[in-house]
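Please read the structure below before turning to the comments.
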Amino acid sequence: MPLKTATEYVASLRKMNCTAFIMGDRVENTVDHPLVKPSLNAVSLTYELAHDQNYAALLTTRSSLTGETISRFCHLHQSAEDLVAKVKMLRLLGQKTAACFQRCVGMDAINAVDSTTFEVDCAHGTVYHQRFRAWLKQMQAEDWTVDGAMTDPKGDRGKTPSQQTDPDMYLRVVAEQHDGIVVRGAKVHQTGALNSHEILVMPTAALSASDRAYAVAFAVPADSPGLIYIYGRQASDMRKLEAGTLDVGNARFGGQECLVVFDDVFVPWARVFLYGEYDFAGTLVERFAAYHRQSYGGCKVGVGDVLIGATSLAAEYNGVSGASHIKDKLIEMTHLNETLYACGLACSSEGRPTATGTYLVDLLLANVCKQNVTRFPYEISRLAEDIAGGLMVTMPSESDLKNPATKPWLEKYLQGAPHVPTESRLRILRLIENLTLGAGAVGYRTESMHGAGSPQAQRIMIGRLAVFSGKQELAKAIAGITEGCEA
Ligand code: SF4
Ligand code: FE
């Protein structure tokens with residue numbers, strides 16, 4: 001059965017030989033690095049829960065390609081129910097990790113590439129779809145984690161790829177050989193890149209004829225020669241290097257983002273899924289973005305559940321859980337969080353099949369979902385900070401709580417409700433700090449803003465999909481306007 005255990009997943013990563021830099025050092029073994037470990041734990045959980053009978057129905061499914069039981073992260077959505085199950089799976093994993101578990105970008109990329117390559121082949125007589133499906137079968141059989149890589153550095157945002165002073169600001173093909181292509185450039189903000197077996201690269205924007213070299217999609221093993229990983233920092237990340245588990249806030253899990261440099265990487269033809277068909281770059285971007293905007297209606301909601309739980313506990317530990325304004329704020333947080341979930345479910349339920357049978361979310365509703373995600377986690381975080389109180393950012397360290405010279409003072413003066421151990425109160429405040437201001441805020445706040453596209457990207461799509469003319473017709477019919485208007 002092509003389902004790795006968590007142990008097998010970690011062992012398979014250990015065999016890889018990536019060129020990685022973390023905090024200025026070349027790191028041979030990223031698997032055991034303390035800054036990487038929490039993010040690896042989060043991806044590992046996607047493997048672990050696939051073998052847990054309580055969760056297997058969400059985490060696994062039957063492959064539409066082979067009939068085998070596979071991870072849902074490797075699956076092409078075959079129905080609206082599949083899309084709904086995906087959102088539920090992501091909420092569950094958000095609840096279990098309170099972090100970005102990274103594996104969804106690959107799932108979203110394979111679904112976008114699947115339908116787009118088929119349409120490219122129909123229009124251009126190319127053979128990308130069969131190449132992609134062959135690679136996808138291997139992904140499913142090996143239970144790979146795949147980094148769906150879209151975002152280019154972009155340089156001067158006022159210029160197109162080919163207009164840039166430095167042509168490498170967008171990833172491009174720099175050489176064509178008899179056996180494949182050579183690519184150069186970089187992908188930024190790469191979620192879980194160092195925890196991935198493969199990188200599936202897509203263009204970052206709609207392209208024109210002059211940007212033909214930038215219209216490229218392909219997959220490469222994550223330890224291919226020429227790939228260089230530079231690990232991203234997170235607020236308060238050094239706490240992951242400390243001995244205790246209190247100050248880190250999230251004791252076990254975290255996210256990961258890398259800058260990935262493609263320094264003339266060779267890609268054999270069998271792994272090239274788009275090359276030069278610039279007219280489909282926009283479609284690919286639009287679909288990947290829509291799937292990932294749907295994803296946020298699951299994962300961020302799960303993390304929101306943890307934050308709401310932590311805030312409710314903070315109120316209880318402070319002895320104020322009975323106050324009406326506290327109850328109202330928790331209700332507001334829940335209302336906002338469930339609204340995000342409703343959007344995630346809605347765009348899934350309204351999903352439709354593409355020409356390959358792979359289901360695509362409703363694009364308008366997926367963009368509305370993500371637009372809300374750019375806002376609501378900020379308000380949920382504000383309310384969490386409101387209820388947590390200032391101690392969240394002024395309390396001493398775990399070391400002070402352990403030092404016999406200071407422990408009695410902290411135990412005495414940082415006690416809240418008398419039935420709650422002081423350490424429990426401090427642990428909950430550190431978790432809220434992690435999610436709203438610390439390393440966890442990368443995934444819960446800023447990623448909510450910019451991940452899967454910044455707010456304006458969704459507004460452009462909403463404007464395009466709103467079909468105002470259709471709404472005008474509705475209004476005319478209701479108002480009794482029957483004659484056409486002269487321009
Ligand atoms: Fe998955 Fe959410 Fe992380 Fe994206 S942000 S990779 S959807 S957990
Ligand atoms: Fe993301």
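Reckoned from all heavy atoms, side chains included, excluding hydrogens, waters and symmetry mates. As the structure lists them, so they are numbered: ligands from 1, and atoms in each ligand from 1. Starting from 1, each residue takes its place in the sequence as its number. Note that the coordinates shown come from a computational prediction; the quantities given were computed from them, not determined experimentally.
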> Looking at atom 1 (Fe) of ligand 1, what's its closest protein heavy atom, distance included?
Replying inline: Cys104 SG, 2.2 Å
> Where is the nearest protein heavy atom to atom 3 (Fe) of ligand 1: which residue, which atom, and how far?
Replying inline: Cys100 SG, 2.3 Å
> Can you give me the OH-the Fe ion (ligand 2)-NE2 angle for Tyr296 and His292, to 10°?
Replying inline: 90°
> Pick from Leu365, Asn367, Leu83, Leu364: which one makes a side-chain contact (heavy atoms from CB on, under 4.5 Å) with Cys347?
Replying inline: Leu365
> Is it true that Arg72 and Asp82 have a side-chain N and a carboxylate O under 4.0 angstrom from each other?
Replying inline: yes
> Quick one: does Gln190's side chain have a donor or acceptor within less than 3.5 Å of a partner on Val188's backbone?
Replying inline: yes
>> For N/O/S atoms only: which one belongs to Glu447 and is nearest the Fe ion (ligand 2)?
In response: OE2
> Taking 4.0 angstrom as the limit, do Arg239 and Glu433 come out as a salt bridge?
Replying inline: yes
> Numbering the atoms of ligand 1 from 1, which are under 4.0 Å from a heavy atom of Gln102?
Replying inline: 3 (Fe), 6 (S)
> Is the count of non-hydrogen atoms from other residues, nucleotides or ligands lying under 6.0 Å from Lys329 atom NZ greater than 12?
Replying inline: yes
> In ligand 1, which numbered atoms sit nearer than 4.0 Å to a non-hydrogen atom of Lys300?
Replying inline: 5 (S)
>> Any N/O/S atom from His292 (main chain or side chain) under 2.8 Å of atom 4 (Fe) of ligand 1?
In response: yes
>> Can you classify the ring geometry of His197 versus Tyr47 as parallel (below 30°), tilted (30 to 60°) or perpendicular (above 60°)?
In response: perpendicular
> So which of Phe280, Phe218, Phe132, Tyr128 actually passes ring-ring contact (aromatic ring centres under 6.0 Å, His included) with Phe273?
Replying inline: Phe132
>> Which option wins on minimum heavy-atom distance to atom 2 (Fe) of ligand 1: Cys299, Gly255, Gly451?
In response: Cys299
> Tell me, which protein residue and heavy-atom name are nearest atom 5 (S) of ligand 1, and how many Å apart are they?
Replying inline: Glu447 OE1, 3.0 Å
> Any idea which atoms of ligand 1 are less than 4.0 Å away from a heavy-atom of Ser295?
Replying inline: 7 (S)
